[in-house]
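Below is one structure, written out as structure tokens; comments come after it.
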Amino acid sequence: VGRCLAVLLLCTASWFHGWHAASSMAGVMPADILATRPGKSRAVADAQLATAQEIHVVVHYPGKILAVCPGGLSFSSSVDDFGSTKQLAQRPGEENVYEATVQYSSQLAGTRALFTFLMNAGMFERSIPAGCQAICTGFSVAGQQAWGSRAYVVLPEAGSGGIIEAWPAFCSPRHTVFKDEVWSPATNRSFNVTTTIPVVIGENNLPRPEEQMPSILFRLDRFFFWPGLPDYGDIFFSGLALTGVIRDLVFIDVDLALNGDPLWRHPLLTPTPLLRSCPAESKA
């Protein structure tokens, strides 16, 4: 009994220490918590709330998915070390726009913060509605973090009207692949072209600014890219993009072979004499 009591007291002390340390960190702190922290007067709490800054969080996501999938959208951020989540509310009159505001200490103004977005966070569904399962195959009954590029923002100074916008995707980690045969007048032959669309625009195809669009990478004969890695490096590369380590990419692969026949590749790989120097207009 004595040993159990000692362990209980130790756990309680550790919890209180962690809570107190976390409460002392600068960052987002709801008003009710800020006002009732141990040892803090109401006047001090009111003063901190008066100097807190705000940033507007706007998420663009297809409302047709949220209409059949429960839980809604929320976000978490590094300004409070991801210690809380906040629900996003649908903007009145707009089907695909969800928003919220978040407060942060004025001491954090000018620093870089990371935001992450979640579907059905903090909930647990006993079952997935059939309509949701049909349109969002990766829906999680215990919540799902967004795939794709991370959203960073520099927290603005007071009164500068800061905003962060995001176009997340949640339903599946699988990219969409299209395969076509395209005729080339220049070479007088057909080419097999494969286009790989990342989940961030395959699932969430709402209009967005150019800087929010994935970059496009054209590859001639992807067989020769990263030959030492599985699937010539595409699995590794896609994993980095899905987890937000690198920016999402649209791959457009032109196969110099034709329908699996490598003999079509040889006429295009005929060695040519190297120039003695680069052309004057070249940037190389």
Side-chain angles (χ1 to χ4, degrees), residues 27-36 48-106 108-109 113-129 131-136 138-156 158-172 199-201 203-209 212 244:
V28 172
M29 196 167 294
D32 54 343
I33 296 178
L34 185 62
T36 57
Q48 288 194 356
L49 285 173
T51 59
Q53 311 304 319
E54 284 189 346
I55 188 169
H56 195 51
V57 181
V58 179
V59 170
H60 303 263
Y61 189 74
K64 64 181 181 181
I65 298 179
L66 293 179
V68 294
C69 292
L73 300 181
S74 57
F75 69 92
S76 185
S77 70
S78 63
V79 289
D80 69 340
D81 287 335
F82 302 99
S84 63
T85 60
K86 186 168 185 178
Q87 193 80 8
L88 291 148
Q90 186 173 15
R91 179 181 291 177
E94 297 197 37
E95 180 186 6
N96 303 316
V97 182
Y98 302 83
E99 57 189 355
T101 57
V102 62
Q103 289 186 330
Y104 57 93
S105 166
S106 57
L108 291 178
L114 170 63
F115 283 72
T116 186
F117 301 93
L118 307 104
M119 175 187 280
N120 193 39
M123 315 265 184
F124 180 79
E125 310 295 335
R126 292 187 176 274
S127 62
I128 303 175
C132 176
Q133 205 162 26
I135 197 172
C136 187
F139 181 83
S140 172
V141 294
Q144 171 66 45
Q145 188 175 1
W147 300 106
S149 300
R150 296 170 179 173
Y152 289 95
V153 66
V154 175
L155 299 175
S160 55
I163 184 172
I164 179 171
E165 292 189 271
W167 284 258
F170 305 91
C171 290
S172 174
V199 295
V200 290
I201 57 175
E203 172 189 334
N204 187 347
N205 57 5
L206 296 176
R208 67 197 72 191
Q212 293 286 348

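Because the structure is predicted, anything quoted here is derived from the model rather than measured.
Proximity of Leu66 to Gln90: side-chain heavy atoms (C-beta onward) are nowhere separated by under 4.5 Å. Here the side chains of Trp167 and Pro209 are in contact, with some heavy-atom distance below 4.5 Å. Looking only at side-chain heavy atoms (C-beta outward), Tyr152 and Ser78 stay at 4.5 Å or farther from each other. Phe139 places a side-chain heavy atom less than 4.5 Å from the side chain of Pro70. With a 4.5 Å cut-off on side-chain heavy atoms, Leu118 and Ser76 count as touching. The shortest side-chain heavy-atom distance between Val200 and Gln212 does not fall under the 4.5 Å cut-off.
A distance of 12.5 Å separates CD1 of Ile55 from CD of Gln103, quoted to the nearest 0.5 Å. Note: Thr101 OG1 to Ile163 CD1 = 11.5 Å, rounded to the nearest 0.5 Å. Taking CZ from Phe117 and CD1 from Ile164, the interatomic distance works out to 5.0 Å, rounded to the nearest 0.5 Å. Within the model, atoms NZ of Lys64 and CG of Asn96 stand 9.0 Å from one another, a figure rounded to the nearest 0.5 Å.
Relative ring orientation between Phe115 and Phe75 is described as tilted, the plane-to-plane angle lying within the 30° to 60° band.
Closest heavy-atom contact between Gly71 and Gln87: O-NE2, 3.1 Å. Across all non-hydrogen atoms, the minimal contact from Ser106 to Gln53 is CB-NE2, 3.4 Å. Counting all heavy atoms, side chain and backbone alike, Phe170 lies closest to Tyr61 at CD1-CE1, 3.6 Å. Nearest heavy atom pair, residue Gly162 against residue Pro156, reads CA-CG, 3.5 Å. Considering all non-hydrogen atoms of both residues, His60 and Leu206 come closest at C-CD1, 3.7 Å. The minimum heavy-atom distance linking Cys171 with Ile135 is given by the pair SG-O, 4.5 Å.
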From CA spacing to verdict: side-chain contact (heavy atoms from CB on, under 4.5 Å), Ile65, Met119:
CA-CA 11 Å; Ile65 298 179; Met119 175 187 280; 4.3 Å; yes
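Between Cys69 and Cys132, the gamma sulfurs sit within a distance below 2.5 angstrom.
At distances below 3.5 Å, at least one donor-acceptor pair connects side-chain atoms of Asn120 with backbone N or O atoms of Ser140. Checking side-chain atoms of Glu203 against main-chain N and O of Ala169 turns up no donor-acceptor pair under 3.5 Å.
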